[in-house]
Structures are given as structure tokens and as C-alpha cells.
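First comes the structure, then the notes that go with it.
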Amino acid sequence: MLLSRHCIDEAATESLGTAIAQAMRQAGLPPLLLTLQGDLGAGKTTLVRSILRALGVRGRIKSPSYALLESYSIDGFGLELKQSVGLTVYHIDLYRFSSPDEWLDAGLGEALGGQALCLVEWPEHAAGLPPADLQLHIAPADPGRMVTMRAGTAAGEGLIDTLRSAQADA
Ligand SMILES: Nc1ncnc2c1ncn2[C@@H]1O[C@H](COP(=O)(O)OP(=O)(O)OP(=O)(O)O)[C@@H](O)[C@H]1O
Ligand SMILES: [Mg+2]
């Protein structure tokens with residue numbers, strides 16, 4: 001299942017991030033794996049930042065280009081659930097990895113296989129990652145960028161369905 005969005009400028013990329021975060025909230029903030037592919041400067045971090053902001057992360061959201069991993073904790077504020085929900089979020093950048101199983105050597109297996117929301121830039125620098133719920137590809141478009149989302153699981157299909165109906169309502 002595929003959905004493409006033409007984001008004509010940075011603000012449009014950020015609106016898409018907000019819509020993705022809303023779809024996640026609507027699904028009850030489940031643990032998910034999202035991968036983001038695209039050249040250097042495509043807008044992967046921009047999109048992740050806007051998702052995290054819309055999920056309620058405050059303060060500086062650094063690119064994990066050097067640290068490899070930044071972690072956050074978000075709560076279920078605003079969710080219509082009976083009990084409170086907390087979710088750990090990992091923003092990971094694998095660009096600096098040169099061998100396919102370095103992510104396991106670096107101890108990321110637990111983060112990626114666990115109960116967290118994981119947003120991974122440069123997943124193509126790793127082999128054997130768990131299946132992504134949503135694969136995002138960002139390509140240059142004139143103007144802006146074309147963002148293509150591909151669902152890899154039922155959870156990912158649910159997100160795409162929600163994004164489609166939000167678009168239809170808009
Ligand atoms: N839809 C858009 N149209 C034009 N420019 C955009 C759009 N979305 C993001 N940008 C710009 O593109 C750049 C993207 O930088 P960003 O750090 O997000 O890229 P990245 O894909 O994470 O790169 P890296 O692989 O180095 O981590 C920023 O300067 C941002 O303003
Ligand atoms: Mg980046």
C-alpha cells in the first residue's frame with residue numbers, strides 16, 4: 001500500500017509530519033518502526049522533527065547524525081484512552097555505519113526490536129532490520145520534495161488509511 005505527497009516547501013514537509021503524528025495518536029501511539037530514505041539533505045530529519053514536535057516533544061530536537069541515537073519520552077496526553085500511555089521514541093541515523101551488522105554491534109537491536117517508536121534515517125546502511133511498518137522515501141521534486149510512504153505491516157496500512165481520509169476531509 002502506497003501513498004505519495006508532494007511537499008512544495010519545508011512547511012509542507014512539516015505539515016505532513018504533523019499529519020503522520022496525528023495518525024499515530026489516532027492509532028493509540030503503538031510502538032512502530034518508520035524508516036526514512038533519501039539523499040543527504042532530502043529532508044528526513046526535517047520530517048522526523050515535525051513528527052516528534054506534533055507528538056509533544058519539547059526542547060531542542062538534534063539530528064542524530066553524530067550521536068547516532070537520540071531518545072525521547074512522550075505521553076498519551078490528548079488520547080482518549082482510559083489509562084495513561086507513555087512511549088519511548090528513538091531517532092536513529094545509520095549514515096556513518098559502513099558494515100551491515102554494525103547496528104547490532106552498536107547495541108541497537110534492543111531499541112529496534114522493542115516497544116518503542118523508532119524513526120530510522122539511512123536504513124539502507126543496515127541489513128536485517130525488523131520489517132518497517134512504514135517506509136518513507138523522499139525525492140527531489142520541482143518545487144520541493146515528493147514523499148512516498150509504503151506500508152510494510154497492517155499497522156502501517158492503518159496509518160496510510162488515516163492519512164488518506166484526513167486528506168479527503170481537508
Ligand atoms: N519540501 C521541501 N522543499 C524544499 N526544501 C525542503 C523541503 N523539506 C525540507 N527541506 C529542506 O531540506 C533540508 C533537509 O535537511 P535535513 O537535515 O532534514 O535532511 P536529511 O535528509 O535529514 O539529511 P541527512 O541525510 O544529512 O541526515 C533542510 O534545509 C530543509 O529546509
Ligand atoms: Mg538527517
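Indexing begins at 1, ligand by ligand and atom by atom, following the structure's order.
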Practice prompt. Heavy-atom distances under 4.0 Å are what count here, so tell me which part of Leu47 touches ligand 1: side chain, backbone, both or neither.
Written response: neither
Fill in: Sub-4.5 Å side-chain heavy-atom contact between Cys118 and Leu112
yes
Worksheet entry | pair Met149-Leu2: side-chain heavy atoms closer than 4.5 Å | no
Response to the item:
Closest to atom 16 (P) of ligand 1 among protein heavy atoms sits Thr46 OG1, 3.7 Å
Worksheet item: Is any side-chain heavy atom of Leu47 less than 4.5 Å from a side-chain heavy atom of Leu136?
Response: yes
Worksheet item: Considering only protein heavy atoms, which is closest to atom 3 (N) of ligand 1, and at what distance to one decimal place?
Response: Gly144 CA, 3.3 Å
Fill in: Ligand-residue contact atoms, ligand 1 with Cys7, heavy atoms, under 4.0 Å
1 (N), 2 (C)
Discussion item. Rounded at 0.5 Å granularity, tell me how far NZ in Lys44 sits from OG1 in Thr35.
Written reply: 11.5 Å
Worksheet, complete the sentence: The answer for which part of Trp122 has a heavy atom under 4.0 Å from ligand 1 is side chain
Worksheet item: Does the ring centre of His125 sit less than 6.0 Å away from the ring centre of Tyr95?
Response: yes
Worksheet entry | Shortest protein contact, atom 27 (O) of ligand 1 (heavy atom only) | Glu121 OE1, 3.2 Å
Worksheet item: Which bit of Leu40 gets closer than 4.0 Å to ligand 1, counting heavy atoms only: side chain, backbone, both or neither?
Response: both
Worksheet item: Which residue holds the protein heavy atom closest to atom 4 (C) of ligand 1, what is that atom called, and what is the gap in Å?
Response: Arg145 NH1, 3.5 Å
Discussion item. When you compare ligand 1 with Lys44, is there at least one nitrogen or oxygen pair between them that comes in under 3.5 angstrom?
Written reply: yes
Practice prompt. Please check atom 25 (O) of ligand 1 for a protein heavy-atom neighbour under 4.0 Å.
Written response: yes
Discussion item. Contact between Leu29 and Ile74 at the side-chain level, heavy atoms closer than 4.5 Å - yes or no?
Written reply: yes
Worksheet item: Would you say Ile138 and Met146 make side-chain contact, with heavy atoms under 4.5 Å?
Response: no
Worksheet item: Is the distance from the Mg ion (ligand 2) to the nearest N/O/S atom of Ser65 under 2.8 Å?
Response: no
Worksheet, complete the sentence: the Mg ion (ligand 2) has as its nearest N, O or S atom from Glu121 the atom OE1
Worksheet item: Nearest to atom 17 (O) of ligand 1, what protein heavy atom do you find, and at what distance?
Response: Thr45 CB, 3.8 Å
Item to complete: Would you check if Glu70 and Ile61 make a side-chain contact, meaning some heavy-atom pair closer than 4.5 Å?
Response: no
Worksheet item: Does some non-hydrogen atom of Asp39 fall short of 4.0 Å from ligand 1?
Response: yes
Worksheet item: What protein heavy atom is closest to atom 13 (C) of ligand 1, reported as residue, atom name and distance in Å?
Response: Gly41 O, 3.6 Å
